[in-house]
There are 2 protein chains.
Amino acid sequence: MVRDPDQSASGLHAEAHHHHAIDADAVQSRARAYATSKSIPFTSMRQRVLALLAASGKPMAAYEIAEKLSDARRVQAVQVYRALEFLQEAGCVHRLVSRSAYFACDHLHGSGETVVFMVCSQCGAVQEAASDVVARGLRGVAKTTGFKPRHPIVELEGDCANCAGEPAG
Amino acid sequence: MVRDPDQSASGLHAEAHHHHAIDADAVQSRARAYATSKSIPFTSMRQRVLALLAASGKPMAAYEIAEKLSDARRVQAVQVYRALEFLQEAGCVHRLVSRSAYFACDHLHGSGETVVFMVCSQCGAVQEAASDVVARGLRGVAKTTGFKPRHPIVELEGDCANCAGEPAG
DNA sequence: GACATGGCGTTATAATGTTACATTCGTTGT
DNA sequence: ACAACGAATGTAACATTATAACGCCATGTC
Ligand SMILES: [Zn+2]
Ligand SMILES: [Zn+2]
Ligand SMILES: [Zn+2]
Ligand SMILES: [Zn+2]
């Protein structure tokens, strides 16, 4: 991820050329820790969904996940939704409202943090960036209208650095 | 609507206590003007959908619109979606991704403008505010990651000024 | 072991959105 | 007036996304 004023390639996947599969071990550890802290099990289904999303590195629809996880036994969408609910609570997975898709996240988001999801229209990849400027702007408009914000949704549709160069077909 | 640094009650519906039905005439004029400019008709169905949304003043689901518009003849969802497509192009209607709902808008949005939708969890009312600060923040994170943004989605879930006072059930 | 809790597997259903196609309507050209 | 064309409509079917209901089973507690 990338923080606002910081232009360096700190957490940035600098040379990731094909879709940056995120750190599966790290994200799994966080899910496990969350489960432990809440005294709820990090079950097989939850692990499978998270592992798939982490390996993919791109947003996937719930039914797509169900299909990929199906082998002899068919995995039903409802099972995926249940796993996703846990994983979102654990902060390991986000939902893209612009695509009704889910993707794994290996960042640790602070509670007050406002995160921007940048979704590439061409390749579907998602980049995250926390922005204090955006957060301040949101607080500003909320204050102006007396609105008490609880949860922000910020997504950008556009073209990622890779695809912007090659107009693509 | 409300602009960023401007704290005054310029365009703000100051004493609107019940859900501020927006200016139906104004929004209809804009739709008609858009239709004329594109040489496409502002048909009856489009007028009916817009009129209903303007009168409601609150976001409505597509199927809800279809039901309200149905009389002797049943209005099908697909007809509503087609009308909504036109109305969104005309800039008279927005879609709330957080609710899959649509609402009329009587503002005139500049092309580069970043608009924040503030959705009250309790009463469902929506306020709009254009924010230059948010726009700048979004440009910032995009630039940092080399992302070329095309269309921003910014929504805030929370409690409006009216409902924040009365905790409500 | 009895019991409660919670996840799983299954089925069904709700809610949202789209495709396909024939028909109707308004416009345009002759 | 008439044919022709494109756009908007009406209708049906379908696709996608998400949730509800319910019984089963594993786990932990008493
Ligand atoms: Zn994240
Ligand atoms: Zn891309
Ligand atoms: Zn608006
Ligand atoms: Zn409210």
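Note that these values count all heavy atoms, side chains included, but never hydrogens, waters or copies made by symmetry. In what follows, every chain begins at residue 1, and chains take the letters A, B, ... in the order their sequences are listed. If you're wondering where the values come from, they're calculated on a predicted model, not measured in any experiment.
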query: Tell me: CG of B/Asp71 to P of D/dG10, nearest whole Å?
result: 11 Å
- prompt: Which of these, A/Ile153, A/Leu138, A/Val141, A/Leu156, sits in a side-chain contact (heavy atoms from CB on, under 4.5 Å) with B/Val154?
  reply: A/Leu138
message: Under the rule for side-chain contact (heavy atoms from CB on, under 4.5 Å), what residues qualify as partners of B/Asp25, not counting sequence neighbours?
response: B/Asp23
Distances under 3.5 Å between nitrogen or oxygen atoms of protein and nucleotides 11-14 of chain C:
none

message: To check you understand the geometry: which heavy-atom pair defines the closest contact between B/Glu113 and B/Leu108, and what is its length?
response: OE1-O, 4.4 Å
message: Looking at the base of C/dG17, is there any donor atom on it, or on the side chain of B/Arg82, that sits under 3.5 Å from an acceptor on the other one?
response: no
statement: 5' to 3', nucleotides 23-30 of chain D under a 4.0 Å protein heavy-atom cut-off (B base, S sugar-phosphate only, - none) gives --------
message: Under 4.0 Å, heavy atom to any atom of DNA chain C: which of residues 84-104 of chain B qualify?
response: B/Arg95, B/Ser100, B/Tyr102
- request: Please step through side-chain contact (heavy atoms from CB on, under 4.5 Å) for the pair B/Phe42 and B/Phe86, ending with a clear verdict.
  value: CA-CA 9 Å; B/Phe42 186 34; B/Phe86 165 84; 3.8 Å; yes
field: Nucleotide nearest B/Ile40 (side chain, heavy atoms from C-beta), chosen from D/dA8, D/dT19, C/dT10
entry: D/dA8
message: Quick check on contacts: within residues 45-54 of chain A, what sits under 4.0 Å from DNA chain C by heavy-atom distance?
response: A/Met45, A/Arg46
query: Below 4.5 Å, heavy atoms only, C-beta onward: do A/Pro152 and B/Glu155 meet side chain to side chain?
result: no
query: With sequence neighbours excluded, what pairs up with B/Asp106 under the salt bridge (charged side-chain N to carboxylate O under 4.0 Å, His left out) test?
result: none
- request: May I ask you to decide if the ring planes of B/His94 and B/Phe117 are parallel, tilted or perpendicular, using 30° and 60° as cut-offs?
  value: tilted
message: Please determine whether any donor N or O and acceptor N or O are separated by less than 3.5 Å between the side chain of B/Arg74 and the base of D/dG10.
response: no
